[in-house]
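Just so we're on the same page: letters track the sequence lines, and every chain starts at 1.
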Amino acid sequence: MIGIGEYRIGSFPMMTIGLGSCIGLTLYDDTVKVGAMVHIMLPDSAGRTDRPGKYADTAIDLLLKELAKLGCKNRSLVAKMAGGASMFEYFGANLNIGERNAVNVRKCLKENNIKLAAEDVGGKVGRSVTFTPSNHGKITVRRADGTTCEL
Amino acid sequence: MKLSAVQTDAMQELGNIGAAHAATTLSQMVGSTVQMSVPGIKAIDIADLGKYMGEESAAMVVFELQGEIPHGGFVIFYITRESAIRLTNTMLGFTEMNRPMNEMDESALLEVGNIMVSAFLDATAELLGFVMLPSPPAMTIDMVHAAMSSLIAGLGEDTDEVLLFSTELTCEEHKIDSDIIMMPEAKTLAHIIGLLENMMKPA
(Lines give C-alpha, C1' and ligand atoms only; values in the text may rest on other atoms or scores of the structure.)
Protein backbone atom coordinates (compact mmCIF):
# COMPACT_ATOMS: atom_id res chain seq x y z
CA MET A 1 0.00 0.00 0.00
CA ILE A 2 1.32 3.40 -0.99
CA GLY A 3 0.79 6.20 1.55
CA ILE A 4 0.42 9.91 0.85
CA GLY A 5 3.54 11.25 -0.86
CA GLU A 6 5.01 7.75 -1.30
CA TYR A 7 5.82 5.86 -4.51
CA ARG A 8 6.89 2.42 -5.70
CA ILE A 9 8.58 1.21 -8.85
CA GLY A 10 8.58 -2.37 -10.11
CA SER A 11 6.53 -5.09 -11.75
CA PHE A 12 4.63 -6.20 -8.61
CA PRO A 13 0.99 -5.19 -7.91
CA MET A 14 0.63 -1.83 -6.13
CA MET A 15 -2.25 -0.14 -4.38
CA THR A 16 -3.42 3.16 -2.94
CA ILE A 17 -6.56 3.39 -0.84
CA GLY A 18 -8.92 6.21 -0.03
CA LEU A 19 -7.98 8.83 -2.59
CA GLY A 20 -10.02 11.98 -2.08
CA SER A 21 -8.53 15.11 -3.55
CA CYS A 22 -5.25 13.17 -3.85
CA ILE A 23 -4.25 11.55 -7.15
CA GLY A 24 -3.02 8.04 -7.76
CA LEU A 25 -0.80 8.28 -10.82
CA THR A 26 0.67 5.28 -12.61
CA LEU A 27 3.31 5.12 -15.34
CA TYR A 28 3.91 1.92 -17.28
CA ASP A 29 6.33 0.86 -19.98
CA ASP A 30 5.10 -2.20 -21.89
CA THR A 31 8.46 -2.83 -23.56
CA VAL A 32 10.50 -2.85 -20.34
CA LYS A 33 7.51 -4.29 -18.39
CA VAL A 34 8.01 -2.01 -15.45
CA GLY A 35 5.67 0.43 -13.76
CA ALA A 36 5.53 3.11 -11.11
CA MET A 37 2.80 4.42 -8.86
CA VAL A 38 2.72 7.57 -6.72
CA HIS A 39 0.19 9.04 -4.27
CA ILE A 40 0.17 12.79 -4.99
CA MET A 41 -1.42 15.20 -2.52
CA LEU A 42 -0.84 18.72 -3.83
CA PRO A 43 -0.37 20.32 -7.25
CA ASP A 44 2.81 22.33 -6.82
CA SER A 45 5.99 21.90 -4.75
CA ALA A 46 6.95 25.60 -5.06
CA GLY A 47 10.58 24.59 -4.64
CA ARG A 48 10.15 22.09 -1.78
CA THR A 49 12.32 19.00 -2.19
CA ASP A 50 11.91 16.97 1.03
CA ARG A 51 8.92 14.88 -0.07
CA PRO A 52 8.97 14.77 -3.86
CA GLY A 53 6.13 12.24 -4.09
CA LYS A 54 3.73 14.62 -2.38
CA TYR A 55 3.56 17.21 -5.19
CA ALA A 56 2.54 16.65 -8.82
CA ASP A 57 5.55 18.40 -10.39
CA THR A 58 8.30 16.81 -8.27
CA ALA A 59 6.60 13.39 -8.27
CA ILE A 60 6.55 13.18 -12.06
CA ASP A 61 10.17 14.39 -12.37
CA LEU A 62 11.29 11.82 -9.82
CA LEU A 63 9.43 8.88 -11.37
CA LEU A 64 10.71 9.70 -14.86
CA LYS A 65 14.28 9.85 -13.58
CA GLU A 66 13.95 6.54 -11.74
CA LEU A 67 12.21 4.84 -14.67
CA ALA A 68 14.88 6.11 -17.08
CA LYS A 69 17.50 4.34 -14.95
CA LEU A 70 15.62 1.10 -15.63
CA GLY A 71 15.66 1.74 -19.36
CA CYS A 72 12.22 3.32 -19.85
CA LYS A 73 11.86 5.96 -22.55
CA ASN A 74 9.36 8.80 -22.13
CA ARG A 75 7.76 7.97 -25.49
CA SER A 76 7.00 4.40 -24.48
CA LEU A 77 5.58 5.31 -21.07
CA VAL A 78 1.82 5.39 -20.63
CA ALA A 79 0.22 7.29 -17.74
CA LYS A 80 -3.10 6.73 -15.98
CA MET A 81 -4.60 8.58 -13.05
CA ALA A 82 -7.50 8.46 -10.62
CA GLY A 83 -8.68 10.65 -7.74
CA GLY A 84 -8.84 14.42 -7.68
CA ALA A 85 -12.30 14.49 -6.14
CA SER A 86 -13.85 17.32 -4.19
CA MET A 87 -15.05 15.58 -1.03
CA PHE A 88 -16.37 18.69 0.66
CA GLU A 89 -18.08 21.23 -1.48
CA TYR A 90 -17.34 24.90 -1.04
CA PHE A 91 -14.66 24.83 1.60
CA GLY A 92 -12.42 27.86 1.43
CA ALA A 93 -9.09 26.13 1.98
CA ASN A 94 -10.04 22.97 0.16
CA LEU A 95 -11.47 24.66 -2.85
CA ASN A 96 -10.54 22.71 -5.93
CA ILE A 97 -7.36 21.08 -4.66
CA GLY A 98 -8.51 17.90 -6.38
CA GLU A 99 -9.12 19.65 -9.66
CA ARG A 100 -5.86 21.61 -9.44
CA ASN A 101 -4.03 18.35 -8.79
CA ALA A 102 -5.47 16.80 -11.95
CA VAL A 103 -4.74 19.90 -14.03
CA ASN A 104 -1.12 20.01 -12.92
CA VAL A 105 -0.57 16.29 -13.45
CA ARG A 106 -1.83 16.65 -17.04
CA LYS A 107 0.41 19.68 -17.59
CA CYS A 108 3.55 18.01 -16.21
CA LEU A 109 2.91 14.87 -18.27
CA LYS A 110 2.47 16.95 -21.40
CA GLU A 111 5.69 18.86 -20.77
CA ASN A 112 7.50 15.52 -20.66
CA ASN A 113 5.68 14.12 -23.71
CA ILE A 114 4.05 11.34 -21.70
CA LYS A 115 0.79 9.99 -23.05
CA LEU A 116 -2.12 10.08 -20.58
CA ALA A 117 -4.05 7.00 -21.67
CA ALA A 118 -6.92 7.07 -19.20
CA GLU A 119 -8.23 8.86 -16.15
CA ASP A 120 -11.05 8.66 -13.63
CA VAL A 121 -10.99 11.98 -11.83
CA GLY A 122 -13.29 14.52 -10.20
CA GLY A 123 -16.71 14.17 -8.67
CA LYS A 124 -17.34 13.91 -4.95
CA VAL A 125 -16.38 10.30 -4.39
CA GLY A 126 -13.44 8.55 -2.69
CA ARG A 127 -11.49 5.99 -4.73
CA SER A 128 -9.08 3.12 -4.18
CA VAL A 129 -6.76 2.04 -6.98
CA THR A 130 -4.91 -1.19 -7.70
CA PHE A 131 -2.20 -1.22 -10.35
CA THR A 132 -1.09 -4.45 -12.00
CA PRO A 133 2.01 -3.86 -14.13
CA SER A 134 2.11 -7.55 -15.13
CA ASN A 135 -1.31 -7.15 -16.80
CA HIS A 136 -0.12 -4.49 -19.29
CA GLY A 137 -0.33 -1.80 -16.64
CA LYS A 138 -4.02 -2.23 -15.93
CA ILE A 139 -5.50 -0.17 -13.12
CA THR A 140 -8.73 -0.95 -11.31
CA VAL A 141 -10.58 1.88 -9.60
CA ARG A 142 -13.00 1.09 -6.81
CA ARG A 143 -15.26 3.98 -5.82
CA ALA A 144 -16.83 4.52 -2.40
CA ASP A 145 -20.30 4.09 -3.92
CA GLY A 146 -19.40 0.48 -4.75
CA THR A 147 -18.85 0.86 -8.49
CA THR A 148 -15.59 -0.20 -10.11
CA CYS A 149 -13.96 0.54 -13.42
CA GLU A 150 -10.86 -0.68 -15.24
CA LEU A 151 -8.53 1.64 -17.05
CA MET B 1 5.11 19.79 16.59
CA LYS B 2 6.10 17.76 19.62
CA LEU B 3 4.05 18.37 22.76
CA SER B 4 5.56 18.23 26.26
CA ALA B 5 3.81 16.27 29.00
CA VAL B 6 2.34 19.46 30.45
CA GLN B 7 1.13 20.64 27.04
CA THR B 8 -0.41 17.23 26.38
CA ASP B 9 -2.26 17.38 29.70
CA ALA B 10 -3.50 20.88 28.96
CA MET B 11 -4.74 19.92 25.49
CA GLN B 12 -6.46 16.83 26.91
CA GLU B 13 -8.21 18.97 29.47
CA LEU B 14 -9.33 21.37 26.74
CA GLY B 15 -10.62 18.46 24.66
CA ASN B 16 -12.32 17.06 27.74
CA ILE B 17 -14.25 20.25 28.42
CA GLY B 18 -15.26 20.67 24.78
CA ALA B 19 -16.30 17.03 24.38
CA ALA B 20 -18.27 17.08 27.63
CA HIS B 21 -20.44 19.89 26.29
CA ALA B 22 -20.82 18.10 22.95
CA ALA B 23 -21.77 14.89 24.78
CA THR B 24 -24.48 16.74 26.72
CA THR B 25 -26.10 17.96 23.50
CA LEU B 26 -25.93 14.46 21.97
CA SER B 27 -27.46 13.02 25.12
CA GLN B 28 -30.35 15.50 24.90
CA MET B 29 -30.92 14.71 21.22
CA VAL B 30 -31.09 10.92 21.65
CA GLY B 31 -32.74 11.09 25.08
CA SER B 32 -30.23 8.71 26.61
CA THR B 33 -26.93 8.61 28.48
CA VAL B 34 -23.75 9.28 26.50
CA GLN B 35 -20.35 8.08 27.73
CA MET B 36 -17.15 9.89 26.95
CA SER B 37 -13.61 8.51 26.61
CA VAL B 38 -10.45 10.18 27.84
CA PRO B 39 -9.34 12.49 25.01
CA GLY B 40 -6.61 10.89 22.93
CA ILE B 41 -3.82 12.61 21.02
CA LYS B 42 -2.30 11.06 17.93
CA ALA B 43 0.60 12.42 15.91
CA ILE B 44 0.33 10.98 12.42
CA ASP B 45 2.78 11.33 9.56
CA ILE B 46 0.73 11.86 6.40
CA ALA B 47 2.39 8.86 4.71
CA ASP B 48 1.05 6.64 7.54
CA LEU B 49 -2.53 7.96 7.52
CA GLY B 50 -3.63 4.72 5.85
CA LYS B 51 -2.48 2.76 8.92
CA TYR B 52 -5.02 4.62 11.06
CA MET B 53 -7.99 4.84 8.71
CA GLY B 54 -8.98 3.15 5.48
CA GLU B 55 -11.77 2.54 3.04
CA GLU B 56 -14.50 2.09 5.64
CA SER B 57 -17.44 4.37 5.12
CA ALA B 58 -18.39 6.94 7.73
CA ALA B 59 -20.28 10.19 7.97
CA MET B 60 -18.20 13.23 8.78
CA VAL B 61 -19.52 16.69 9.51
CA VAL B 62 -16.64 19.13 9.19
CA PHE B 63 -16.09 22.72 10.25
CA GLU B 64 -13.11 24.78 9.32
CA LEU B 65 -11.71 26.96 12.10
CA GLN B 66 -11.62 30.53 10.95
CA GLY B 67 -11.23 33.86 12.68
CA GLU B 68 -7.90 35.37 13.70
CA ILE B 69 -6.03 32.66 11.81
CA PRO B 70 -7.80 32.23 8.45
CA HIS B 71 -7.32 28.50 7.79
CA GLY B 72 -6.94 27.32 11.35
CA GLY B 73 -7.68 23.64 10.95
CA PHE B 74 -10.79 21.52 11.35
CA VAL B 75 -13.21 20.16 13.90
CA ILE B 76 -14.89 16.97 12.78
CA PHE B 77 -17.90 15.05 14.04
CA TYR B 78 -17.17 11.49 12.94
CA ILE B 79 -19.69 8.67 13.07
CA THR B 80 -19.52 5.21 11.50
CA ARG B 81 -22.13 4.44 8.88
CA GLU B 82 -23.97 1.91 11.08
CA SER B 83 -24.01 4.27 14.04
CA ALA B 84 -25.16 7.11 11.82
CA ILE B 85 -28.19 5.09 10.74
CA ARG B 86 -28.96 4.10 14.35
CA LEU B 87 -28.68 7.75 15.35
CA THR B 88 -31.01 9.06 12.65
CA ASN B 89 -33.39 6.13 13.23
CA THR B 90 -33.55 7.15 16.89
CA MET B 91 -34.17 10.77 16.00
CA LEU B 92 -36.61 10.21 13.16
CA GLY B 93 -38.47 7.24 14.63
CA PHE B 94 -37.38 4.65 12.04
CA THR B 95 -36.33 1.09 12.80
CA GLU B 96 -35.03 -0.30 9.49
CA MET B 97 -31.22 -0.70 9.59
CA ASN B 98 -30.57 -2.08 6.11
CA ARG B 99 -31.48 0.96 4.13
CA PRO B 100 -29.56 3.48 2.07
CA MET B 101 -28.99 6.89 3.59
CA ASN B 102 -31.28 9.53 2.21
CA GLU B 103 -31.53 13.31 2.35
CA MET B 104 -33.40 13.18 5.65
CA ASP B 105 -30.55 11.26 7.25
CA GLU B 106 -28.05 13.69 5.84
CA SER B 107 -29.81 16.78 7.09
CA ALA B 108 -30.35 15.17 10.51
CA LEU B 109 -26.63 14.29 10.75
CA LEU B 110 -25.62 17.74 9.59
CA GLU B 111 -27.77 19.25 12.31
CA VAL B 112 -26.45 16.90 15.01
CA GLY B 113 -22.88 17.68 13.96
CA ASN B 114 -23.64 21.39 13.89
CA ILE B 115 -25.06 21.39 17.42
CA MET B 116 -22.30 19.20 18.86
CA VAL B 117 -19.38 21.05 17.29
CA SER B 118 -20.89 24.42 18.24
CA ALA B 119 -21.11 23.20 21.85
CA PHE B 120 -17.50 21.98 21.65
CA LEU B 121 -16.24 25.29 20.29
CA ASP B 122 -18.31 27.45 22.66
CA ALA B 123 -16.92 25.60 25.67
CA THR B 124 -13.30 25.74 24.49
CA ALA B 125 -13.64 29.42 23.52
CA GLU B 126 -14.95 30.25 26.98
CA LEU B 127 -12.01 28.52 28.60
CA LEU B 128 -9.40 30.04 26.29
CA GLY B 129 -10.92 33.49 25.90
CA PHE B 130 -10.25 32.98 22.20
CA VAL B 131 -12.98 32.53 19.66
CA MET B 132 -12.43 29.97 16.92
CA LEU B 133 -15.16 30.89 14.50
CA PRO B 134 -16.39 27.84 12.62
CA SER B 135 -17.19 27.88 8.93
CA PRO B 136 -20.60 26.62 7.85
CA PRO B 137 -20.56 22.82 8.11
CA ALA B 138 -19.79 20.53 5.21
CA MET B 139 -20.62 16.86 5.19
CA THR B 140 -19.58 13.70 3.41
CA ILE B 141 -20.47 10.03 3.77
CA ASP B 142 -17.53 8.31 2.16
CA MET B 143 -14.19 6.50 2.69
CA VAL B 144 -12.61 7.89 5.85
CA HIS B 145 -9.12 8.09 4.37
CA ALA B 146 -10.42 9.97 1.32
CA ALA B 147 -12.17 12.57 3.45
CA MET B 148 -9.40 13.06 6.00
CA SER B 149 -6.61 13.28 3.42
CA SER B 150 -8.63 15.93 1.55
CA LEU B 151 -8.85 17.98 4.75
CA ILE B 152 -5.13 17.57 5.41
CA ALA B 153 -4.44 18.84 1.89
CA GLY B 154 -6.29 22.00 2.97
CA LEU B 155 -3.98 22.54 5.95
CA GLY B 156 -1.22 23.83 3.72
CA GLU B 157 1.76 22.70 1.68
CA ASP B 158 4.15 22.27 4.60
CA THR B 159 1.98 19.84 6.56
CA ASP B 160 3.84 16.53 6.82
CA GLU B 161 2.42 15.52 10.17
CA VAL B 162 -0.95 16.15 11.79
CA LEU B 163 -2.04 16.06 15.41
CA LEU B 164 -5.50 14.62 16.01
CA PHE B 165 -7.21 15.33 19.31
CA SER B 166 -10.15 12.99 19.52
CA THR B 167 -12.72 12.03 22.12
CA GLU B 168 -15.01 9.09 21.68
CA LEU B 169 -18.68 9.58 22.51
CA THR B 170 -20.79 6.45 22.84
CA CYS B 171 -24.40 5.78 23.63
CA GLU B 172 -24.85 2.20 24.81
CA GLU B 173 -28.64 2.17 24.68
CA HIS B 174 -28.72 2.96 20.96
CA LYS B 175 -25.29 1.45 20.14
CA ILE B 176 -23.98 4.71 18.74
CA ASP B 177 -20.21 5.27 18.41
CA SER B 178 -18.94 8.65 17.39
CA ASP B 179 -15.90 10.88 17.78
CA ILE B 180 -15.25 14.57 18.04
CA ILE B 181 -11.90 15.25 16.41
CA MET B 182 -9.94 18.46 16.38
CA MET B 183 -7.17 18.79 13.80
CA PRO B 184 -5.59 22.22 14.27
CA GLU B 185 -3.19 23.72 11.80
CA ALA B 186 0.29 24.26 13.31
CA LYS B 187 -0.05 28.02 14.00
CA THR B 188 -3.47 27.58 15.60
CA LEU B 189 -2.17 24.78 17.80
CA ALA B 190 0.79 26.90 18.90
CA HIS B 191 -1.60 29.74 19.69
CA ILE B 192 -3.95 27.53 21.73
CA ILE B 193 -1.04 26.05 23.66
CA GLY B 194 0.30 29.54 24.36
CA LEU B 195 -3.08 30.54 25.81
CA LEU B 196 -3.26 27.39 27.93
CA GLU B 197 0.27 27.92 29.27
CA ASN B 198 -0.55 31.49 30.22
CA MET B 199 -3.55 30.27 32.18
CA MET B 200 -1.41 27.82 34.11
CA LYS B 201 1.14 30.42 35.20
CA PRO B 202 0.78 31.38 38.86
CA ALA B 203 -0.87 34.80 39.15
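Salt-bridge check for B:E96 with B:R99: failed, with every basic side-chain N at 4.0 Å or more from each acidic carboxylate O.
For A:L42, the part lying near chain B is the side chain, with the backbone staying farther off; criterion is any non-hydrogen pair under 4.5 Å. Within the 4.5 angstrom heavy-atom criterion, only backbone atoms of A:R143 (N, CA, C, O) approach chain B. When heavy atoms are compared at a cutoff of 4.5 Å, A:N101 does not approach chain B at all. Heavy-atom distances place the backbone of A:K124, and not its side chain, under 4.5 Å from chain B. Contact annotation for B:S149: both backbone and side-chain heavy atoms come within less than 4.5 Å of a heavy atom of chain A.
Classified by interplanar angle (parallel below 30°, tilted 30° to 60°, perpendicular above 60°), the ring pair A:Y28/A:F131 is perpendicular.
Interatomic distance, CD1 of B:I46 versus CE of B:M148, reported as 12.5 Å (0.5 Å rounding).
At a heavy-atom cut-off of under 4.5 Å, chain A is reached by B:G156, B:E157, B:D158, B:T159, B:D160 from residues 156-170 of chain B, listed in order of number. Using a 4.5 Å cut-off between non-hydrogen atoms, no part of residues 10-33 of chain B approaches chain A.
Crowding of B:K175 atom NZ: a count of heavy atoms from other residues, nucleotides or ligands under 6.0 Å not exceeding 12. In the displayed structure, B:E172 atom CD is contacted under 6.0 Å by at most 12 heavy atoms of other residues, nucleotides or ligands.
Across A:H39, A:R142, A:M87, A:R127, the residue that shares the most heavy-atom pairs under 4.5 angstrom with chain B is A:M87. Heavy-atom pairs under 4.5 Å with chain A were tallied for B:T140, B:L49, B:V144; the largest tally goes to B:T140. Options A:E6, A:R51, A:M41 differ in how many heavy-atom pairs under 4.5 Å they form with chain B, and the most are formed by A:R51.
In this structure, the side chain of A:D29 engages the main chain of A:T31 through a donor-acceptor pair within 3.5 Å.
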